[in-house]
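In the text below, chain A, chain B and the rest are named by the order of the sequence lines, each starting its count at 1. Values in this document were obtained by computation on a predicted structure and should not be read as measured data.
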Amino acid sequence: MVFISLTTGYVGPVGDRLISIYERLLSAFGPQDWWPGDSPFEVCAGAILTQNTNWENVRRAISNLKNKDLLRPRAIHELSRESLALIIRPAGYYNVKAGRLKNFVAFLIDEFGGNLDTMFSMGLETLRPMLLDIKGIGPETADSILLYAGELPSFVVDVYTIRALMRHDFIDGDADYEGVRSLFMDHLPADVELYNEYHALWVALGKSLCKKTKPRCEECPLSGI
DNA sequence: GTCCTGTGTT
DNA sequence: AACACCGGAC
């Protein structure tokens, strides 16, 4: 099926399991067509703004930036943190996130002349540790930028992924970010479209059924897997 | 473990 | 009024 055309080799029994989970999610929710962003830079900004924040509030903050023609690296670099904070206010944590956005664009401008194509041409293994060195860019934000803005095959793990995997006993309670990311990357082909869709499907599951409180487990497409 | 914060839901 | 929201720094 889809799996065969994506596969570069045998991915093992764990990979087979991960693929069957993927196929169930895809059947239940359909293709998600992420990321909601008109440009790679918008995706980078969205990845920072959505930290622990619902997407609707992020969308408002991005809309504010667009309306002022400020959704550009140079523009954000030249804005004061205080001014930027007021503009992204709907996203919450606005003082923190204004600093984080400016940290990212300072890195982008200093290291790559403000050019995202140049940044992503560094490749996954080189770029990921560089992104993680930026204050305010943690593993989930870095992987979201790499995968959804750069189209580099870095699997994104989030609270929804962890929660669902724990509820189905695929991972235990002390599982950390890198461990769960490795679970996917060590057993699946390094395929951008697969990683894109798979993460988006975990989010679809987490928002609709596998919620923090009052999960609707009886409707779970993964029951009995 | 605690802090950072607006907006919608319960 | 309390909780939840595609985290990360300290």
Side-chain angles (χ1 to χ4, degrees), chain A residues 21-22 25-26 28-37 40 42-65 67 81-107 128-150 154-167 171 173-181 183-184 192 194-216:
Chain A
I21 292 171
Y22 172 76
L25 293 172
L26 187 60
F29 298 107
Q32 300 296 301
D33 294 325
W34 270 26
W35 182 289
E42 180 174 336
V43 174
C44 294
I48 292 169
L49 291 172
T50 198
Q51 291 169 356
N52 203 33
T53 300
N54 84 359
W55 185 257
E56 178 57 25
N57 289 356
V58 175
R59 203 193 51 69
R60 289 179 178 140
I62 289 177
S63 178
N64 287 349
L65 287 168
N67 290 340
R81 188 182 64 87
E82 291 76 12
S83 304
L84 181 58
L86 292 177
I87 296 164
I88 64 170
R89 199 177 134 89
Y93 307 109
Y94 47 85
N95 286 311
V96 171
K97 287 175 179 175
R100 291 177 180 180
L101 269 176
K102 287 182 64 65
N103 289 347
F104 173 69
V105 297
F107 164 80
R128 188 170 193 265
M130 295 176 81
L131 291 174
L132 291 175
D133 274 342
I134 302 169
K135 293 300 175 195
I137 308 286
E140 183 181 339
T141 306
D143 290 329
S144 295
I145 289 171
L146 291 163
L147 181 63
Y148 290 100
S154 197
F155 201 94
V156 180
V157 175
D158 67 348
V159 63
Y160 295 132
T161 315
I162 304 266
R163 186 191 301 153
L165 288 171
M166 280 182 57
R167 283 177 172 163
I171 58 174
D174 55 6
D176 66 329
Y177 186 98
E178 298 296 334
V180 177
R181 176 173 179 265
L183 171 67
F184 290 94
V192 171
L194 174 64
Y195 288 6
N196 180 324
E197 193 61 36
Y198 208 153
H199 171 68
L201 286 166
W202 282 126
V203 175
L205 177 69
K207 289 173 94 84
S208 63
L209 303 177
C210 199
K211 295 182 286 189
K212 182 171 185 178
T213 57
K214 294 198 298 181
R216 292 154 59 187

Can you tell me which nucleotide in [options] comes closest to the side chain of [X]?
{"X": "A:Thr213", "options": "C:dC3, B:dC4, B:dG6", "result": "C:dC3"}
{"X": "A:Arg163", "options": "B:dT5, B:dT10, C:dC5", "result": "C:dC5"}
{"X": "A:Lys135", "options": "B:dC4, C:dC10, C:dG8", "result": "C:dC10"}
{"X": "A:Glu140", "options": "C:dG8, B:dG8, B:dT5", "result": "C:dG8"}
{"X": "A:Pro90", "options": "B:dG6, C:dC5, B:dT10", "result": "B:dG6"}
{"X": "A:Thr141", "options": "B:dT5, B:dG8, C:dG8", "result": "C:dG8"}
{"X": "A:Lys214", "options": "B:dG8, B:dT10, C:dG8", "result": "B:dT10"}
{"X": "A:Lys212", "options": "B:dT7, C:dA4, B:dT5", "result": "C:dA4"}

Which part of the nucleic acid, if any, lies within reach of [X] when heavy atoms closer than 4.0 Å are counted: base, sugar-phosphate only, or nothing?
{"X": "A:Ile137", "answer": "sugar-phosphate"}
{"X": "A:Val159", "answer": "sugar-phosphate"}
{"X": "A:Lys207", "answer": "sugar-phosphate"}

>> Quick check: on DNA chain B, is the nucleotide nearest A:Arg60 upstream (toward 5') of the one nearest A:Val96, or the reverse? Name the residue that is more 5'.
In response: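 Nearer the 5' end of the strand: A:Val96.
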>> Both A:Glu56 and A:Ala91 contact DNA chain B. Which one's nearest nucleotide lies toward the 5' end?
In response: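 So the residue in question is A:Ala91.
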Whole angstrom is fine here: how far is it from [atom1] in [X] over to [atom2] in [N]?
{"X": "A:Ile87", "N": "B:dG6", "atom1": "CD1", "atom2": "P", "answer": "16 Å"}
{"X": "A:Trp55", "N": "C:dG7", "atom1": "CH2", "atom2": "P", "answer": "11 Å"}
{"X": "A:Asn52", "N": "B:dT5", "atom1": "CG", "atom2": "C1'", "answer": "10 Å"}
{"X": "A:Arg59", "N": "B:dT7", "atom1": "CZ", "atom2": "P", "answer": "12 Å"}
{"X": "A:Leu101", "N": "C:dG7", "atom1": "CG", "atom2": "C1'", "answer": "14 Å"}

> Donor-acceptor pair under 3.5 Å: do we get one between A:Asn57's side chain and the base of B:dG6?
Replying inline: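 Result: at least one qualifying N/O pair found.
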> When you compare C:dC10 with B:dT5, how far apart are their P atoms, in angstrom units rounded to a whole number?
Replying inline: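 It works out to 14 Å between them.
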>> I'd like to know if A:Glu178 and A:Arg128 make a salt bridge, using a cut-off of under 4.0 Å between side-chain N and carboxylate O.
In response: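 Result for this pair is yes, salt bridge flagged.
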>> Rounded at 0.5 Å granularity, tell me how far CD in A:Glu42 sits from OH in A:Tyr148.
In response: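 Result: 15.5 Å between the selected atoms.
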> Think A:Asn54 has a side-chain N or O under 4.0 angstrom from the OP1 or OP2 of C:dA4?
Replying inline: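 Answer is no, no contact under 4.0 Å.
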>> So, does A:Tyr94 get its side chain near the phosphate of B:dG6, meaning an N or O under 4.0 Å from OP1 or OP2?
In response: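 Yes, because at least one side-chain N or O of A:Tyr94 sits under 4.0 Å from OP1 or OP2 of B:dG6.
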> Hey, does the side chain of A:Asn103 reach the backbone of A:Lys135 with a donor-acceptor pair shorter than 3.5 angstrom?
Replying inline: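 Answer holds: yes.
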> Where do A:Val156 and A:Trp202 land on the side-chain contact (heavy atoms from CB on, under 4.5 Å) test, with the steps shown first?
Replying inline: CA-CA 10 Å; A:Val156 180; A:Trp202 282 126; over 6 Å; no
>> Need to verify one output field. Residue with the more 5' nearest nucleotide on DNA chain C, A:Thr50 or A:Leu132?
In response: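 Closer to the 5' end of DNA chain C: A:Thr50.
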> Hey, which of these two, A:Gly206 or A:Pro139, hits DNA chain C nearer its 5' end, going by closest nucleotide?
Replying inline: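 The answer here is A:Gly206.
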> Hey, mind stepping through A:Arg181 and A:Ser154 against side-chain contact (heavy atoms from CB on, under 4.5 Å) and telling me if it holds?
Replying inline: CA-CA 8 Å; A:Arg181 176 173 179 265; A:Ser154 197; 2.7 Å; yes
> Given side chains that start at C-beta, do those of A:Ile162 and A:Tyr177 come closer than 4.5 Å, heavy atoms only?
Replying inline: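 With C-beta onward as the side chain, the pair stays apart.
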